[in-house]
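Everything on this sheet refers to the single structure shown next.
Predicted, not measured: the structure shown is a model, and the values here were computed from it.
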Amino acid sequence: MVVTLLSILSVLGSFPAILIAYKVVRRQHLSLFDVLAGAYTVNMCLFPLLASQGTLAELGIDPESGTVLKLFAIYFSFLAVIYAADYIIRRFWPGSILCFTRYIENMPVRKPVGWAEIAVLLGILALCWAVMLPRAHVLVGATEFNEEYGAFSLYVLVSKLFNLTCGYVFISTWLVRDVRSRRYFVLLSLIMLASAFVIGEGRRYFMGLVLMYGSIYYARNRFVRVNWLKVSVYGAAAAGLLYGSIIFFNVMRYTKNEKEFANEGTFQRLTSVVHEAMYNYSDMSSLAEEANKSRSMGLFNIIYQYLDHYHEPYNGRMLAEAISYSIPRFIHPQKSLLGSQGLLEIESGTFYDVADSVVFWGIGDWGDIGGIMAGFFQVLVFALLAGALSLVKWFGRVPLWMTALCLNVLFMFAFMTERAIESDIVSTTQTIAILLAACAAMQIVFRTSNRYSL
């Protein structure tokens with residue numbers, strides 16, 4: 001590998017991954033800021049470090065340019081804010097869900113599972129399959145179909161229910177001490193993970209669930225002697241599911257008959273996917289390989305290209321557009337039609353979905369101090385969600401499903417770095433509203449602060 005400015009800065013910027021590995025080896029507590037920094041390290045340092053000179057040249061990235069230095073200066077300023085917030089949270093708010101391993105470790109043991117609970121969980125899973133499966137088997141490019149799914153559609157609501165159920169099952173697996181109940185929850189967890197890459201939102205979504213499951217296990221078993229046989233079996237199963245998801249989504253994206261595919265019924269769509277995977281995947285492998293290369297470098301590349309040309313900062317107007325875009329139309333009829341993502345696409349000179357991120361928004365809105373502002377925005381989102389859950393706890397014991405909901409949203413924010421800030425605004429607002437509304441309802445129903453602990 002040729003030593004360049006890009007490779008040197010990528011190695012220096014990989015310290016969050018080294019820090020996470022050190023903490024895991026020493027069995028220390030982890031926080032969601034560790035997960036966030038680690039996820040950005042993969043996209044901003046690991047992928048560029050592993051990229052070949054040919055890939056960099058094809059993308060138009062000069063590994064010795066001043067743009068690389070400027071990009072990493074912004075990235076390091078983002079990490080500085082994140083780790084400063086991490087220190088403050090650990091020092092003055094160690095009981096918050098942001099210190100998730102300590103929070104989960106201190107959660108009380110839950111009661112054994114009953115048949116009624118299993119029936120409800122399986123019923124929710126069946127509902128998710130029925131509603132989400134048709135959408136999952138239609139190409140992302142089939143815009144006629146996608147337009148049917150707005151921010152408040154049945155699909156979106158059921159997908160959030162699926163996320164909540166995944167978190168509930170994952171946490172229950174390691175909170176229950178009854179051996180029979182734990183086996184049931186382990187089986188349900190595997191079913192949930194297997195379902196995630198079939199009816200979920202993609203590989204990053206699936207890997208986010210795997211990461212959350214592994215983190216919960218680590219939180220409850222930090223000082224338990226590692227059974228490497230079980231770790232190997234579960235790791236092989238997760239790798240197999242990940243590989244299956246890669247094949248599945250590549251077939252979906254590169255199938256040649258997308259119009260016919262979109263008009264088929266649910267069973268026919270699934271049959272078509274299997275047929276394409278068996279007979280046509282070899283023809284599409286080169287397309288998939290090239291797409292994966294550019295996709296892995298997408299976040300780094302779009303920021304590099306943006307910084308390589310001068311753009312006047314929006315100085316907060318992009319955030320205002322994002323907030324306006326996030327408000328439902330029945331509340332704000334004159335809402336923004338672009339949001340931050342649309343503005344970034346216009347500024348980038350592209351007419352397709354760019355690899356958005358909080359850091360990219362910070363650069364577009366605030367220029368050279370974009371890394372600092374992006375860090376403040378991310379910390380604010382995390383603090384609002386953790387504060388809402390702490391407010392519920394102030395009134396009484398927090399129900400398990402609330403912890404699952406909040407933890408799932410936080411993990412997806414921390415792990416899925418490629419997203420527009422509108423998703424942060426909408427998901428944070430919705431989650432806080434659900435937590436506070438449920439807390440108020442339980443106060444009215446139970447009349448006392450310590451009885452709701454489901």
Side-chain angles (χ1 to χ4, degrees), residues 32 36 96-98 100 124 127-128 131-132 135 146-171 196 199-202 204-205 208-209 212 319-333 335-337 339-341 356-358 361 377-395 398-443 452 454:
L32 283 159
L36 176 66
S96 76
I97 197 172
L98 299 180
F100 71 92
I124 293 174
L127 174 64
C128 294
V131 174
M132 298 174 68
R135 167 61 176 83
N146 287 336
E147 288 174 355
E148 299 178 13
Y149 295 91
F152 299 96
S153 67
L154 177 62
Y155 169 79
V156 173
L157 294 176
V158 173
S159 66
K160 292 184 181 299
L161 180 62
F162 179 75
N163 295 339
L164 169 60
T165 307
C166 286
Y168 180 87
V169 172
F170 293 170
I171 295 176
I199 64 177
E201 298 292 338
R204 289 175 299 138
Y205 172 83
L209 290 179
M212 184 173 70
L319 176 60
E321 286 286 316
I323 295 174
S324 174
Y325 183 84
S326 304
I327 300 174
R329 189 173 298 278
F330 68 88
I331 297 177
H332 183 27
K335 62 178 289 184
S336 170
L337 300 178
S340 67
Q341 183 175 12
D356 280 350
S357 68
V358 174
W361 157 78
F377 176 84
Q378 196 67 81
V379 171
L380 177 62
V381 168
F382 279 15
L384 288 173
L385 288 168
L389 194 66
S390 296
L391 182 61
V392 175
K393 190 176 182 179
W394 184 75
F395 283 101
V398 179
L400 181 58
W401 70 267
M402 286 190 179
T403 299
L405 173 64
C406 197
L407 191 64
N408 184 280
V409 173
L410 285 168
F411 255 99
M412 290 305 168
F413 282 173
F415 180 76
M416 298 181 68
T417 55
E418 188 179 322
R419 67 183 191 280
I421 62 171
E422 286 87 346
S423 64
D424 290 50
I425 297 171
V426 172
S427 295
T428 301
T429 304
Q430 290 176 346
T431 304
I432 292 176
I434 292 172
L435 292 176
L436 298 183
C439 178
M442 287 186 291
Q443 287 291 319
Y452 53 89
L454 298 177

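- With values rounded to the nearest 0.5 angstrom, L435 atom CG is found 14.0 Å from K393 atom NZ.
- Summarising the geometry, atom CG belonging to L389 is positioned 9.5 Å from atom OG belonging to S96; distances are rounded to the nearest 0.5 Å.
- No more than 12 heavy atoms of other residues, nucleotides or ligands lie within 6.0 Å of OH in Y325, so this atom counts as exposed by the packing criterion.
- Across all non-hydrogen atoms, the minimal contact from F100 to L32 is CD2-N, 3.6 Å.
- In plain terms, the two heavy atoms of I171 and L400 that are nearest each other are CG2-CD1, 3.5 Å.
- Between A404 and G167, the closest heavy-atom pair is CB-C, 3.4 Å.
- Formation of a donor-acceptor pair under 3.5 Å by the T429 side chain with backbone atoms of I425 is found in this model.
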Sequence neighbours left out, cut at 3.5 Å: what donor-acceptor pairs do the side chains of residues 405-415 make with other protein atoms?
residue, atom, partner, partner atom, Å
N408, ND2, N163, O, 3.1

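- Scanning both residues, M402 and C439, for their nearest heavy atoms gives CE-N, 3.8 Å.
- Among residues at least two apart or in separate chains, salt bridge (charged side-chain N to carboxylate O under 4.0 Å, His left out) pairs with a member in residues 421-435 are R419-D424.
- Residues T417 and S357 share a closest heavy-atom pair of O-CB, 3.3 Å.
- Remark: T403 engages no residue in a side-chain hydrogen bond (donor to acceptor under 3.5 Å, both in side chains) (not counting sequence neighbours).
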